[in-house]
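In the text below, chain A, chain B and the rest are named by the order of the sequence lines, each starting its count at 1. From a predicted model like this one, the values you see are computed outputs, not experimental measurements.
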Amino acid sequence: MKLVINTDPRLLHIVRSVIRYYAQEAGFPEADVDCLAMAINEAASNVIRHAYDNRPDARFSLEVKSFPDRIEFVLEDDGRKVKPEAIRPRSLDDVRPGGLGTYFIRCFMDESSYDSTFTGGNRLRMVKYFSRRVSSSDEGSSQERG
Amino acid sequence: MKLVINTDPRLLHIVRSVIRYYAQEAGFPEADVDCLAMAINEAASNVIRHAYDNRPDARFSLEVKSFPDRIEFVLEDDGRKVKPEAIRPRSLDDVRPGGLGTYFIRCFMDESSYDSTFTGGNRLRMVKYFSRRVSSSDEGSSQERG
Amino acid sequence: MKVQVRNVDNVSVIDCSGDVDLYSSTDLRGTLLKEMRSGKPNVLVNMTGVSYIDSSGIATLVEGLQLSRETKTRFGLFGLRSNARSVLELARLHTVFAIFDNEKEALEKIATTEPFGGL
Amino acid sequence: MKVQVRNVDNVSVIDCSGDVDLYSSTDLRGTLLKEMRSGKPNVLVNMTGVSYIDSSGIATLVEGLQLSRETKTRFGLFGLRSNARSVLELARLHTVFAIFDNEKEALEKIATTEPFGGL
Ligand SMILES: Nc1ncnc2c1ncn2[C@@H]1O[C@H](COP(=O)(O)OP(=O)(O)O)[C@@H](O)[C@H]1O
Ligand SMILES: Nc1ncnc2c1ncn2[C@@H]1O[C@H](COP(=O)(O)OP(=O)(O)O)[C@@H](O)[C@H]1O
């Protein structure tokens, strides 16, 4: 499935509905379906807020691909390039508004990384495996890019 | 905007939401927004039922393009080719279930036609002008293809 | 969409809410045809909560109307919102259904409504 | 999402329902900050109808919490569904908010809740 829509927060509910459908179809339990919808909602919200400074008339695309062992989400935009090192989820001791989106993405996805070879704006790839792998590489560097 | 999704009736509400958003953005009054959402809902339902015989795992695409004078919708599928001459909205004197979808499309759109040069399955293009043109050609042949 | 059946005296009231489309109309169809086939003398569809109805929903209601003639069920609709009413009018079907404004009127009049001969 | 304010004695109850996301959280933010700035002594957010809340909704609540310290407003939440509660827990924010089970408990306890010193 692929969706190319405006960077308008009023369309986020559509993003969540579509993700919920494909996550359910892929066989994820309801709790994971909620988490995946939320993670993609957060990633799309960040595109709107950070890559496009809340411009509602730009575009981004979202692709969902199901595989036997995983589901993959690819979000592409044509906005300002993210400096992956700038994306640092806030420390949880820090009670302030903000910094939660990337933290939720990291919680809900097994992998999340920006494609440094992408020539447009940003290409964020997120992966969720059917039975969540818990390995040291997951907990560490590969997630910190998300 | 472009959407490529499964031929699953459970996704039709998403099609309607997306169309409503773009029709509103284009500036159509609420009554027209409802009609456009319904027309595309009918066209997509027909793809699911007739081009794919209710297979939920095929795909179709929907594209919406706004122009200064009109909004265009293009629905593409890879299913069985429609014989345009087979599409005949039922006569309104005929009380039976069915035959209404293409009638509603004809009522709500100013133009609607299958692209005979399309090499895949079907490519249905529908157009709505901002101030509905009422001309003899509209009432006649160009709509009967819908 | 949600579909639920209530029995009010000898009338089956089918409460529908939400969008009636190709997906959800199968639920309404199942319930409607079941109520008629089970020999209920009067069946009403409560459309108060129906925010959207498309051709598959209309087709379902027409199917109900056709079956009601066979099963001799008195069949009516009530509580149509303006968009549902417009869709029925556009399809020129508003005259073939017994349409009541609200539940009170529908319950009062359904038993004395002429069985439909329009089909 | 819908946001509405009710006054129950000297408590402002902000009823929210639907999805709180980047689009709708601006409504909640506006209402929440306005109630606090207008000098209401107690503000409660009724989350009973909130089916979804994302980071922008949580950020809005945290902003309310921060402002409540400046304006000396007692601020609490009630009626959280399990998914809203999980999201707050995941963010480790469930302990910084005064969270009540339901409106009755919230109204009884809000006036005697310690003002928050956790920020
Ligand atoms: N798509 C993006 N484009 C550019 N910068 C981003 C993007 N996503 C996240 N960031 C950066 O990462 C930071 C943390 O993001 P996040 O955890 O979502 O919290 P918030 O957006 O509320 O600050 C942001 O403040 C921003 O600097
Ligand atoms: N996308 C399509 N592909 C193939 N045939 C179609 C398509 N759309 C419509 N048709 C044909 O046109 C007829 C009328 O369609 P419609 O007015 O929507 O009513 P119904 O689908 O209920 O018969 C259909 O029965 C079908 O034969």
Side-chain angles (χ1 to χ4, degrees), chain A residues 5-20 23 29-56 58 60 87 89-109 146, chain D residues 1-2 16-30 32-33 36 45 49-70 75 77 80-99 115-119:
Chain A
I5 50 170
N6 277 26
T7 48
D8 189 326
R10 287 190 287 157
L11 289 167
L12 287 169
H13 74 101
I14 288 172
V15 169
R16 295 193 296 272
S17 288
V18 166
I19 298 298
R20 292 188 59 83
E30 204 54 22
D32 284 353
V33 168
D34 286 344
C35 292
L36 291 171
M38 183 153 178
I40 305 302
N41 173 84
E42 297 295 343
S45 299
N46 279 342
V47 168
I48 295 173
R49 293 167 58 222
H50 300 301
Y52 288 113
D53 292 320
N54 296 306
R55 247 184 73 193
F60 71 99
I87 299 187
R90 66 111 184 250
S91 141
L92 284 178
D93 304 327
D94 187 11
V95 178
R96 60 171 174 91
L100 279 173
T102 52
Y103 170 72
F104 288 147
I105 296 171
R106 234 180 41 157
C107 290
F108 298 146
M109 291 290 170
Chain D
M1 194 198 54
K2 271 193 216 150
C16 277
S17 63
D19 288 13
V20 185
D21 67 3
L22 186 59
Y23 173 54
S24 56
S25 62
T26 51
D27 276 3
L28 174 59
R29 183 174 183 278
L32 190 56
L33 304 191
M36 287 183 178
V45 178
V50 173
S51 40
Y52 175 86
I53 184 163
D54 74 359
S55 71
S56 65
I58 302 287
T60 299
L61 296 177
V62 171
E63 222 183 316
L65 187 61
Q66 292 175 327
L67 183 62
S68 73
R69 297 194 65 216
E70 284 174 37
F75 175 49
L77 317 175
L80 279 80
R81 297 196 198 172
S82 68
N83 51 355
R85 193 175 285 270
S86 307
V87 168
L88 275 180
E89 282 172 11
L90 191 65
R92 313 259 168 91
L93 289 169
H94 56 301
T95 54
V96 304
F97 288 100
I99 299 179
F116 314 108
L119 298 188

D/Tyr23 and A/Pro9: which non-hydrogen atoms are nearest, and at how many Å?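 Distance-wise, the nearest heavy atoms are CB-O, 3.4 Å.
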
Spacing of [X] atom [atom1] and [Y] atom [atom2] [to the nearest 0.5 Å]:
{"X": "A/Leu11", "Y": "D/Leu22", "atom1": "CG", "atom2": "CG", "answer": "11.5 Å"}
{"X": "D/Ser24", "Y": "A/Leu12", "atom1": "OG", "atom2": "CG", "answer": "9.5 Å"}
{"X": "D/Ile58", "Y": "A/Tyr103", "atom1": "CD1", "atom2": "OH", "answer": "11.5 Å"}

Dump the intermediate steps for side-chain contact (heavy atoms from CB on, under 4.5 Å) on A/Leu100 and D/Leu93, then the final yes or no. CA-CA 11 Å; A/Leu100 279 173; D/Leu93 289 169; 4.3 Å; yes

Could you point out which residue of A/Glu42, A/Met38, A/Arg16 forms a side-chain contact (heavy atoms from CB on, under 4.5 Å) with D/Asp21? A/Arg16

Checking heavy atoms, do the side chain of D/Leu61, its backbone, both or neither come under 4.5 Å from chain A? neither

Do you see a donor-acceptor pair shorter than 3.5 Å between the side chains of D/Asp54 and A/Asn41? yes

